[in-house]
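Step one of this worksheet: look at the structure below.
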Amino acid sequence: MVSHWSHRMPASWENGCATFPFPDGPYAQMGATDTGIAIRLVTADAIQDETMRGVIERHLDRFAFRQAPLTFSW
């Protein structure tokens with residue numbers, strides 16, 4: 001995901017955590033855990049939050065197509 005999104009935004013990877021700043025202010029931080037991926041999503045409001053959750057879910061499902069659809073617990 002870091003490599004993929006870094007083509008469109010200044011994604012970074014540090015201490016096992018990836019940070020993705022999206023256009024218009026929201027950003028996500030992701031890190032691997034023993035049971036999945038921990039995602040911290042910061043948005044301006046509920047509408048932007050719902051939109052960005054969808055973006056992240058669709059991308060993760062695409063990358064993990066053999067395991068998709070994945071289960072997300074926000």
Side-chain angles (χ1 to χ4, degrees):
M1 292 289 291
V2 179
S3 177
H4 172 72
W5 275 341
S6 68
H7 295 291
R8 303 193 73 187
M9 65 192 88
S12 61
W13 180 262
E14 185 177 330
N15 297 324
C17 183
T19 301
F20 306 97
F22 296 101
D24 301 324
Y27 68 91
Q29 293 177 318
M30 299 181 191
T33 69
D34 290 339
T35 58
I37 301 173
I39 303 171
R40 177 177 179 242
L41 179 60
V42 177
T43 60
D45 55 43
I47 293 170
Q48 190 178 58
D49 191 70
E50 184 176 337
T51 299
M52 295 312 300
R53 285 181 188 198
V55 168
I56 291 168
E57 290 175 4
R58 286 189 300 278
H59 276 80
L60 288 173
D61 273 341
R62 233 179 287 147
F63 276 88
F65 64 92
R66 289 188 180 110
Q67 294 83 23
L70 300 174
T71 302
F72 296 92
S73 176
W74 291 95

What is the minimum heavy-atom distance between [X] and [Y], and which atoms define it?
| X | Y | result |
| --- | --- | --- |
| Leu60 | Leu70 | O-CD1, 3.9 Å |
| Ala28 | Ile56 | CB-CD1, 3.9 Å |
| Ser3 | Ser6 | O-OG, 2.8 Å |

Applying a strict under-4.5 Å side-chain criterion to I, L, V, M, F, W and Y, I'd like to know whether Leu41 and Phe72 cluster together.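 Linked, Leu41 and Phe72 end up in one cluster.
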Consider only side-chain heavy atoms of I, L, V, M, F, W and Y, link residues closer than 4.5 Å, and tell whether Trp13 and Met9 are in one cluster.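 Trp13 clusters together with Met9.
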side-chain contact (heavy atoms from CB on, under 4.5 Å), paired with Pro26, selected from Thr43, Asp45, Asp49, Thr51: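 Result for side-chain contact (heavy atoms from CB on, under 4.5 Å) with Pro26: Thr43.
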Could you tell me whether the side chains of Trp74 and Glu57 share a donor-acceptor contact shorter than 3.5 Å?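 The criterion, which ignores hydrogens and geometry beyond distance, is satisfied for Glu57 and Trp74.
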Tell me whether the rings of Trp5 and Phe20 are parallel (<30°), tilted (30 to 60°) or perpendicular (>60°).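 Answer is perpendicular, since the angle exceeds 60°.
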Measure the CE-CD1 distance between Met30 and Ile37 for me, rounded to the nearest 0.5 Å.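 Taking CE in Met30 and CD1 in Ile37, the distance rounds to 7.0 Å.
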If I take atom CD from residue Gln48 and atom CG from residue Asp24, how far apart are they, to the nearest 0.5 angstrom?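 CG of Asp24 is found 7.0 Å from CD of Gln48.
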With the side chain counted from C-beta on, respond yes when Tyr27 and Met52 share a heavy-atom pair under 4.5 Å apart, and no when they do not.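 No, side chains not in contact.
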Do Glu50 side-chain atoms and Ala46 backbone N/O form a donor-acceptor pair below 3.5 Å?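 No: the side chain of Glu50 does not pair with the backbone of Ala46.
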